[in-house]
Amino acid sequence: MNFMEYNFRAIEQKWQTYWLENKTYKTDIRNDKPKFYVLDMFPYPSGAGLHVGHPLGYIASDIYSRFKRQQGFNVLHPMGYDAFGLPAEQYAIQTGQHPAVTTARNIARYREQLDKIGFCYDWDREIRTSEPDYYKWTQWAFIQMFNHYFDTTLQKAQPIASLVSHFETKGTEGIRAHCSEELSFTADEWKAYTEKEQQEVLLNYRIAYLADLKVNWCPALGTVLANDEVSEGLSVRGGHPVEQKVMRQWSLRVSAYANRLVSGLDTLEWTESLKETQKNWIGRSEGAEMKFFLKDSDVEIDIFTTRADTIYGVTFMVLAPESELVKVCTTAAQTEEVEAYLDWTKKRTERERQADRKVTGVFSGSYAINPVSGTEIPIWIADYVLAGYGTGAIMAVPAHDSRDYAFARHFNLPIIPLIEGCDVSEESFDAKEGILMNSGFLNGLTVKEAIQKTKEYLVEKAIGRVKVNFRLRDAIFSRQRYWGEPFPVFYKEGMPYMLDETKLPLVLPEVDKYLPTEKGEPPLGRAANWKTEEGYPLELSTMPGFAGSSAYYLRYMDPGNDKELVSRTANEYWRSVDLYIGGTEHATGHLIYSRFWNKFLFDLGLVCEEEPFRKLINQGMIQGRSNFVYRIKNSNTFVSLNLKDQYETTPIHVDVNIVHNDQLDLEQFRNWNPEYRTAEFILEDGKYICGWAVEKMSKSMYNVVNPDDIVERYGADTLRLYEMFLGPLEQSKPWDTNGIDGVHRFLKRLWSLFYRDGKSMLNDEKPTADELKILHKTIKKITTDIENFSYNTSVSAFMICVNELYSLKCNKKAILEPLVALLAPFAPHIAEELYHLLGNSGTVCDASFPKHNEEYLVESVINYPVSFNGKVRFTMSLPAALDKAEVERIALADENTQRFLNGAAIKKVIVVPGKIINIVC
RNA sequence: GCCCGGAUGGUGGAAUGGUAGACACGAAGGACUUAAAAUCCUUUGGCCUCACGGCUGUGCGGGUUCAAGUCCCGCUUCGGGUACCA
């Protein structure tokens with residue numbers, strides 16, 4: 001097939017068909033090649049389809065995959081769908097349409113859009129989390145978590161059976177297991193427990209466990225949510241209010257892995273900011289746990305503090321309203337007041353509590369004794385102390401903690417400063433610096449020394465211990481929804497049991513409606529025969545969104561395996577993801593859960609790498625760029641941007657797809673909306689220029705750009721190059737179609753080096769030194785740019801290269817052939833066409849990636865800028881071979897130098913060979 | 001509040017401490033064309049100058065250096081994350 005001009009539609013269609021028919025992107029284990037695993041965060045297939053923001057990361061990973069393949073790696077680059085989720089279910093509730101139907105339709109649409117962009121995915125490995133043969137392994141992993149506990153000494157998961165045998169011989173003595181609550185019983189007591197009691201005890205240790213928890217309940221969605229699915233008291237999906245509620249729910253003991261989740265970060269090539277986000281979320285803090293005693297009683301109140309050094313400044317204690325000690329500490333006289341306060345706090349939603357930071361609290365009536373100073377201090381109850389963190393009780397040091405300070409001021413409690421020279425008359429002194437005073441044996445020490453000394457003292461006197469606390473909470477794993485993985489769980493006497501693995505997958509049943517039952521049970525309560533063969537009822541909740549995405553990268557290694565999640569052979573070959581590209585929004589959700597899940601499987605010896613994602617790149621968000629027209633008040637007349645100030649106008653969003661380079665297509669505008677059929681315009685220079693603003697990309701702003709439309713108009717290669725040209729990959733930027741003509745022009749110009757006026761321009765002439773220099777400079781630049789994910793500068797390097805070859809009228813195969821191989825990762829369609837035009841067969845995907853030759857890059861002459869006191873005045877060309885002294889001598893002798901010196905004395909001359917000459921005078 | 005990023009022409013952006021503004025868009029002028037599109041050529045940070053050329057310039061104020069967009073200190077401001085976490 002010959003093309004008169006760059007006919008991208010025909011070219012792209014031709015090669016997409018070829019790649020499909022020849023299974024160009026099929027991947028298998030190849031022991032003769034090193035592997036490389038490139039992964040995109042798989043999408044949730046929403047009804048809206050892809051907009052131009054979605055492919056940004058996919059294009060970046062595609063370029064890298066193709067690059068690695070051309071360098072001789074066996075590249076695994078799969079794609080699939082995170083197909084369970086709320087939107088399909090909400091849609092089902094409204095329409096009665098089964099979520100599987102909408103999901104399948106959306107996937108088909110996604111696939112069609114993805115195919116048009118020419119990605120090198122191995123679609124034979126596609127997975128969908130909502131397919132039973134996939135979620136079988138999600139259910140299977142859950143069973144393993146149920147059957148294991150976390151040994152805190154070994155810092156790894158162990159079979160629950162070994163815990164049971166320990167209980168049988170020694171009870172809880174010497175148990176080092178991560179648990180919800182510290183238990184204590186003997187072997188005999190254990191044996192005396194009923195089956196039900198034993199099961200209840202074991203739930204306290206299991207990695208997947210059922211417990212009564214204070215959860216985030218979202219009434220509008222009718223389900224509980226994990227902490228990362230709630231932001232500022234509202235659900236992340238939908239923005240509905242969330243309240244706190246105690247419910248019996250499945251949870252994953254993610255917190256057991258907190259230590260390893262923090263330390264593992266050091267082994268990863270992630271950005272510092274992402275590691276920092278995870279560290280903050282996990283929230284490791286080193287401190288001390290300390291025992292206070294209730295006055296005249298042996299009731300013990302444990303507190304956690306990171307400022308053990310401030311012990312002499314404790315002037316009161318505070319309990320969280322939910323603390324079990326509240327009842328114990330409340331005196332008869334205070335009961336009424338305390339109960340009124342508890343009632344009030346219970347009614348407050350999380351959102352109200354966060355929005356309204358008024359100081360509130362109530363005195364319990366009791367006093368505690370400071371274990372170090374022996375001072376008597378009042379015990380208060382206040383909701384600024386959280387039940388879920390530390391021990392739910394604090395020692396308050398108003399002089400050195402701003403929250404305690406506000407509280408002390410409000411209730412007129414004493415404030416004792418402990419740092420020499422600090423001023424606490426207006427605010428607390430929170431900094432961890434200074435010299436201690438008013439602090440008994442700690443006086444004269446620095447804060448750091450005092451913290452250490454206090455910790456030693458606590459241990460010595462047995463009134464406390466060194467403790468590391470984590471902010472990370474266990475992940476709530478139940479959702480009261482339909483469209484998710486069913487739990488492989490049945491109930492016997494109210495206790496949960498796992499289905500036998502041979503019964504997996506437990507397939508999601510049909511229901512008549514996707515709503516809770518009349519009794520308020522989740523939708524699965526509507527399913528007929530939702531019980532085991534033996535008649536035991538099955539779990540009614542389903543798993544959350546992150547369940548299916550937690551181990552999907554493993555499944556891609558061996559997607560068809562019906563015996564195992566992944567075979568040992570496949571896992572040992574592909575190991576872990578070498579490059580993972582996706583958005584930062586998953587920093588505290590998916591990326592924590594996946595790491596946890598993988599570490600658990602690693603502990604069981606089922607996967608060979610402890611960390612799933614070695615290198616991770618976050619592509620920036622593509623924001624919308626909206627266009628506006630300006631309607632003159634009370635008329636149907638629109639005035640162009642630069643004339644609008646002469647009138648009283650209202651800005652109106654206009655569909656960006658009928659605006660080109662900020663110029664409105666008047667005809668399309670009139671047809672866009674019947675209201676504008678009769679619109680009149682006041683133009684500038686015969687054009688209507690629109691205003692613009694950067695906003696979120698959304699339908700209501702009419703700024704959604706569909707990649708299909710871009711492909712239709714310019715071709716996939718232009719879309720790919722343009723998305724990369726837009727700016728640095730990791731930076732957020734607005735989508736702005738202005739400028740796309742530039743990269744399209746580049747491809748046309750490249751084409752014209754090969755083919756012009758209907759005939760081939762190619763020749764076999766020997767390249768000149770200049771041409772070789774252009775080529776090799778480009779090879780070098782592109783190679784380092786790809787390795788640094790600096791794709792925007794790659795595209796400009798290609799433009800420079802083609803512009804230079806164009807002005808040299810270079811149509812030599814010897815230059816153009818390597819150039820095509822170099823461009824192939826970025827613009828595979830045109831590269832494939834040109835590769836064949838050059839007489840090659842097979843696919844450009846296997847053309848080896850060119851290597852630059854430094855010999856061609858040697859400069860013989862250098863254009864030295866000569867500056868005086870750092871200010872450049874003129875340049876001079878000198879042979880590159882000259883050494884420092886010679887350059888200096890020639891430069892000083894130059895008449896220009898004498899002119900700019902103008903008689904001044906030279907103090908110093910700096911010569912950086914190959915760079916610059918600077919004369920100080 | 002705390003943590004992490006940014007701030008460079010009309011616009012997107014380039015620049016291992018070494019000629020700021022590469023590359024591209026837009027704009028202006030020109031060639032070709034009946035015209036448009038496409039293509040090609042020229043100019044394009046600001047100010048002064050007929051010109052040669054000069055001055056100025058990377059959010060603000062200091063500093064280090066022969067030399068700072070780049071390093072250090074102090075601010076302003078815009079994003080993102082996170083929060084009564086003791």
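So that the names make sense, note that chain A is the first sequence line, chain B the second, and so on, each numbered from 1. Keep in mind the model is a prediction, meaning the values are calculated, not measured.
Within the nucleic acid shown, A/N863 comes within 4.0 Å of at least one base atom, counting heavy atoms only. Counting non-hydrogen atoms under 4.0 angstrom, A/K907 reaches nothing in the nucleic acid. Contacts of A/V912 with the nucleic acid, taken as non-hydrogen atoms under 4.0 Å apart, include base atoms. Within the 4.0 angstrom heavy-atom criterion, only backbone atoms of the sugar-phosphate kind lie near A/I800; the bases stay farther away. Contacts of A/Y806 with the nucleic acid, taken as non-hydrogen atoms under 4.0 Å apart, involve only primed sugar atoms and P, OP1 or OP2. No contact: A/V795 has no heavy atom under 4.0 Å from any strand. At the heavy-atom level, A/S273 lies under 4.0 Å from the strands shown only through sugar-phosphate atoms.
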What are the atom names and distances for every N/O pair under 3.5 Å that joins the protein to nucleotides 35-38 of chain B?
| residue | atom | partner | partner atom | Å |
| --- | --- | --- | --- | --- |
| B/A38 | O3' | A/K748 | NZ | 3.4 |

Close N/O contacts between protein and nucleotides 13-16 of chain B (under 3.5 Å):
| residue | atom | partner | partner atom | Å |
| --- | --- | --- | --- | --- |
| B/G13 | OP1 | A/Q731 | NE2 | 2.8 |
| B/G13 | O3' | A/N792 | ND2 | 3.4 |
| B/A14 | OP1 | A/N792 | ND2 | 2.8 |
| B/U16 | O4 | A/K915 | NZ | 2.9 |

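Nearest-nucleotide positions on RNA chain B place A/W692 closer to the 5' end than the other of A/W692 and A/G390. Mapped onto RNA chain B by nearest heavy atom, A/G392 and A/Y864 fall at different nucleotides, with A/Y864 at the one closer to the 5' end.
The phosphate of B/G26 has neither OP1 nor OP2 within less than 4.0 Å of any side-chain N or O from A/N738. Side-chain nitrogen and oxygen atoms of A/K687 include at least one within less than 4.0 Å of the OP1 or OP2 phosphate oxygen of B/A27. Look at A/R284 and you won't find any side-chain N or O under 4.0 angstrom from OP1 or OP2 of B/C85. Between A/K871 and B/U56 there is a side-chain N or O to OP1 or OP2 distance below 4.0 Å.
Of the N and O atoms on the side chains of A/N703 and A/N627, not one donor lies less than 3.5 Å from an acceptor on the other residue.
Note: NE2 (A/H586) to C1' (B/G80) measures 16 Å, nearest angstrom. Whole-Å rounding puts the A/I282 CD1 to B/A83 P distance at 14 Å. Remark: P of B/A86 and CZ of A/F316 are 16 Å apart, rounded to the nearest angstrom. When the P atom of B/G18 is taken as reference, atom CG of A/N869 falls 19 Å away, rounded to whole Å.
Here the side chain of A/R471 pairs a donor or acceptor atom with the backbone of A/W281 at under 3.5 angstrom. For the pair A/Y755 (side chain) and A/Y6 (backbone), a donor-acceptor distance under 3.5 Å is absent. Here the side chain of A/K455 pairs no donor or acceptor atom with the backbone of A/D309 at under 3.5 angstrom.
With hydrogens and angles ignored, a donor-acceptor pair closer than 3.5 Å exists between the side chain of A/N918 and the base of B/C66.
In this structure, A/W380 and A/F411 have tilted ring planes: the angle between them lies in the 30° to 60° band. The aromatic rings of A/F746 and A/F798 sit tilted relative to each other, their planes meeting at an angle between 30° and 60°. Ring planes of A/H400 and A/F429: perpendicular class, angle over 60° (limits at 30 and 60°).
Of the residues in residues 464-473 of chain A, A/R471 come within less than 4.0 Å of RNA chain B through at least one heavy atom, sorted by number.
Remark: B/C2 base-pairs with B/G81; criterion is Watson-Crick or G-U wobble with both hydrogen-bond distances under 3.5 Å. B/A37 is unpaired under the Watson-Crick or G-U wobble criterion, no partner having all donor-acceptor distances under 3.5 Å. Of all nucleotides present, none satisfies the Watson-Crick or G-U wobble test against B/C32 with each distance under 3.5 Å. In a base pair of the Watson-Crick type (N1 to N3 plus N6-O4 or O6-N4) or a G-U wobble (N1-O2 and O6-N3), with each distance short of 3.5 Å, B/C75 is matched with B/G59. A 3.5 Å limit on both hydrogen-bonding distances identifies B/G54 as the Watson-Crick or G-U partner of B/C47. Pairing for B/G12 is with B/C23, a Watson-Crick or G-U wobble pair whose two hydrogen-bonding atom distances lie under 3.5 Å. The partner of B/G69, taking Watson-Crick or G-U wobble pairs whose two distances both stay under 3.5 Å, does not exist in any strand shown.
B/C66 and B/G21 have their P atoms separated by 25 Å, given to the nearest Å. For the P atom pair drawn from B/C3 and B/G74, the interatomic distance equals 12 Å after rounding to whole Å. One C1' atom belongs to B/U34, the other to B/C23, and the distance between them is 37 Å to the nearest Å. B/A68 and B/U16 are spaced 15 Å apart, taking the C1' atom of each and rounding to whole Å. On the C1' atoms, B/U70 is 24 Å away from B/A24, given to the nearest whole Å. Nucleotides B/A28 and B/G18 place their P atoms 37 Å apart, quoted to the nearest Å. The C1' atoms of B/A36 and B/G46 are separated by 36 Å, rounded to the nearest whole Å. B/U19 and B/G13 are spaced 23 Å apart, taking the P atom of each and rounding to whole Å.
Between A/Y688 and A/D665, every side-chain heavy-atom pair lies at or beyond the 4.5 Å cut-off. Using a 4.5 Å cut-off on side-chain heavy atoms (C-beta onward), A/R409 and A/I415 make contact. For the pair A/K733/A/L56, a side-chain contact is recorded, criterion being any heavy-atom separation below 4.5 Å from C-beta on. Under the 4.5 Å side-chain criterion, counting only non-hydrogen atoms from C-beta, A/V866 is in contact with A/I919.
Here the two rings, on A/F628 and A/W692, have centers that are 6.0 Å apart or farther.
For A/E895, the CD atom counts as loosely surrounded, since its 6.0 Å shell holds 12 or fewer non-hydrogen atoms of other residues, nucleotides or ligands.
Glycosidic conformation at B/G13 (O4'-C1'-N9-C4 for purines, O4'-C1'-N1-C2 for pyrimidines): anti, more than 90° from 0.
Picking from B/C3, B/A86, B/C23 the nucleotide with the shortest atom distance to the side chain of A/D401 gives B/A86.
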### Query
salt bridge (Lys or Arg N to Asp or Glu O under 4.0 Å) between A/K773 and A/E804: does it pass, once the steps are laid out?
CA-CA 11 Å; A/K773 190 192 276 181; A/E804 288 179 347; over 6 Å; no
### Query
Given A/R284 and A/N259, is the side-chain hydrogen bond (donor to acceptor under 3.5 Å, both in side chains) satisfied, shown in steps?
CA-CA 8 Å; A/R284 184 191 149 95; A/N259 237 327; 3.2 Å; yes
